[in-house]
Amino acid sequence: MWEPGNTPEQDRFRKLREMSDSGISAYPNRVQRTHTVSQAIQTFEAAESSSETTEIQVTVCGRIVRQNLKGKVYFAHIEDGTGRVQLFVRIDHVGDEAYEAVKRYFDLGDFVQASGHMTRTRTGEISVLVHQITLLSKGLSPLPVIKEHVNEDGSVERYGEFSDTEERYRQRYADLAVNPETRSIFRKRALTVRALRHFLDEQDFLEVETPILQPIYGGAAARPFTTYHNQLHQDLFLRISFELYLKRLLVGMYDGVYEIGRDFRNEGVSFKHNPEFTQLEFYQAYTDYHGMMDVTERLVAYAAQQVTGSTTITFQGRTVDFTPPWNRITMREAIRQRCEIDYVEHPTADSLYQAIRAAGIEVSPNATWGKLVDHLLGTIVEPTLIQPTFILDYPRDISPLAKTVPDDKTHVERFEIFIGGMEVGNAFTELNDPLDQEARFAEMGKLYKDEDEEATPLDEDYLRAMRYGMPPCGGCGIGVDRLVMLFTDKSTIREVLLFPHLRER
RNA sequence: GGGUGUGUAGCUCAAUGGCAGAGCAGUAGCCUUUUAAGCUAUUGGUUAGAGGUUCGAGUCCUCUCACACUCACCA
């Protein structure tokens, strides 16, 4: 059983006991709200402007976010999800007994219900002149106290804050309760997902849900989380991508499908990696990666417009313009521009490794050729790509699910999207040749074998699906969290996750 | 995993190796139009944890824990 720790908690606990002793419920079952806070204000303002003389009676509910006991008058601001309004409580309006209860028991952070009529105080602030007020829910632990001062010019100065990063993440409820800007981040996150969904629905993509628990994981190179089904005596993996299931659905004659959901990767965390993250993947039949570029740039520009009101945003001090068309450049050219290395001239891992070292770039000596190329991209190209950019045509041996470029066996038709110095998306002309796919899986298995734990196990069922015939298609995955980082101008993924993963304390 | 940094009251922060402090919140009062209200008085600490050096440690040393930044890793 919880016991009060610090003094504020002890005081609140004592108040709770006293209320209980005098028969007042601190957590009543029923509320009688007639107006949200914003409805109350709007109704009053409408009545004012039409110069109606009838009083606007309201019952509003909310959390006490500011209070000022002034002898026989008590002012409080309460806040609900729609806004903030002042309560004006006078002892001669609510009676001695109720007023005494307010004085004795109400604290910042408590939820209350107040009935009265709308009025303006002497300073002109819209308020509820209260005739009845009750407690709806007693707060036993004190929230951080943040005071606001509104300047003449309307700007708001804040005094006191709840800014400890760790505590804000660990107690996100408290962060949300006292920091409106945190609430705003997650509204934008919801708008982002809504915009993506709306755009794809309008383009006749079908939203689907595929298994999160998978007997064989695949579609990406990452280490999975494992789990176990007791009754079936079966090992299961949490998915690392949706790809292989969504493409099965194209075999099943849907022309376009998409899924927005969670991926799980058992890897390091960083400012742009969380063990579980939200991904959008969409697949379209009868197109290729050129078609995916067209859809993707319109999709993201649309989302930016819906979320921020513009296709031009500021991210970490730089302007980012989502307006299509985006820059398109091949990976080979992008790397050559920045470090003079043409990896095609270094067709073996050893040769490329020497070239990279000669250019003074740190790199791991046991990497495969494809990983060396990818490393070059990640270290010298990625951080410079602030404006939305498609990097095209990736080395074949790190892309087993993409079709090769015609007349170029070393590259596949694949692009990644870079914005704000981060990778936010990945797409291919999807490989639909079942025999080639089988060979590529086998090749990957051989290439990575023991030294690479990310090697994808062979998915026979996926190959069987493809053997029934898969239409030519393009597919694209977009990291929704990173998109939200861009739209909310946050430099870490944790700021855009409600409950980011933290080590257990 | 490596490096750098941070951790003091519920919140935000001070404290040269020498009495652990402030503002806000809280508590007891005064105040019937306040809004960072004000005034008077006042409570609140395992200084992240464990060990060490020292007459004396929030401060110096070692280890542990957590977080931040960064490097490595990372389709």
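Lettering of chains follows the sequences in order, A, B, ..., and the numbering in each one begins at 1. Since we're looking at a predicted model, the values are computed, not measured.
Taking side-chain N and O atoms only, A:R170 has a distance below 4.0 Å to OP1 or OP2 of B:rC67. Using a 4.0 Å cut-off, some side-chain N or O of A:K147 falls inside it from OP1 or OP2 of B:rA37. Here A:K70 does not reach the OP1 or OP2 of B:rG38: none of its side-chain N or O atoms lies under 4.0 Å away. Contact annotation: A:R503 reaches the phosphate of B:rC67 (side-chain N/O to OP1 or OP2, under 4.0 Å).
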*Going 5' to 3' along nucleotides 4-13 of chain B, which nucleotides have protein heavy atoms under 4.0 Å from the base (write B), which only from the sugar-phosphate (write S), and which from neither (write -)?*
------SSS-

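At the heavy-atom level, A:Q67 lies under 4.0 Å from the strands shown only through sugar-phosphate atoms. Among the atoms of the strands shown, only primed sugar atoms or phosphate atoms (P, OP1, OP2) are found under 4.0 Å from some heavy atom of A:K15. A:T492 comes within 4.0 angstrom of sugar-phosphate atoms only, judged by non-hydrogen atoms across all strands, and of no base. A:Y74 comes within 4.0 angstrom of no nucleic acid atom, judged by non-hydrogen atoms across all strands. At the heavy-atom level, A:R66 lies under 4.0 Å from base atoms of the strands shown. Within 4.0 Å of A:Q10, counting heavy atoms only, lies no atom of the nucleic acid at all. At the heavy-atom level, A:K72 lies under 4.0 Å from base atoms of the strands shown. Counting any heavy atom pair closer than 4.0 Å across all strands shown, A:H375 reaches sugar-phosphate atoms only and no base atom.
Using bins of under 30°, 30° to 60° and over 60° for the plane-to-plane angle, the ring pair A:F441/A:Y462 lands in the tilted bin. Ring orientation note: the planes of A:Y343 and A:H411 are tilted relative to one another, at an angle of 30° to 60°.
Here the P atom of nucleotide B:rG23 and the CZ atom of A:R158 are 22 Å apart, to the nearest Å.
With respect to A:D107 and A:K138, a salt bridge is recorded, a charged nitrogen being found less than 4.0 Å from a carboxylate O. Ion pairing between A:E413 and A:K403 fails under the 4.0 Å rule for side-chain N and carboxylate O.
Both A:L69 and A:R12 lie close to RNA chain B; mapped to their nearest nucleotides by heavy-atom distance, the more 5′-ward contact belongs to A:R12.
For the residue pair A:Q214/A:Y245, the side-chain donor-acceptor check at 3.5 Å is not satisfied. For A:Q279 and A:S241, the side-chain atoms include no donor-acceptor pair closer than 3.5 Å.
When the P atom is used for both B:rA25 and B:rG38, the distance is 8 Å, rounded to whole Å. Annotation: B:rA15 and B:rU47 have their C1' atoms spaced 11 Å apart (nearest Å).
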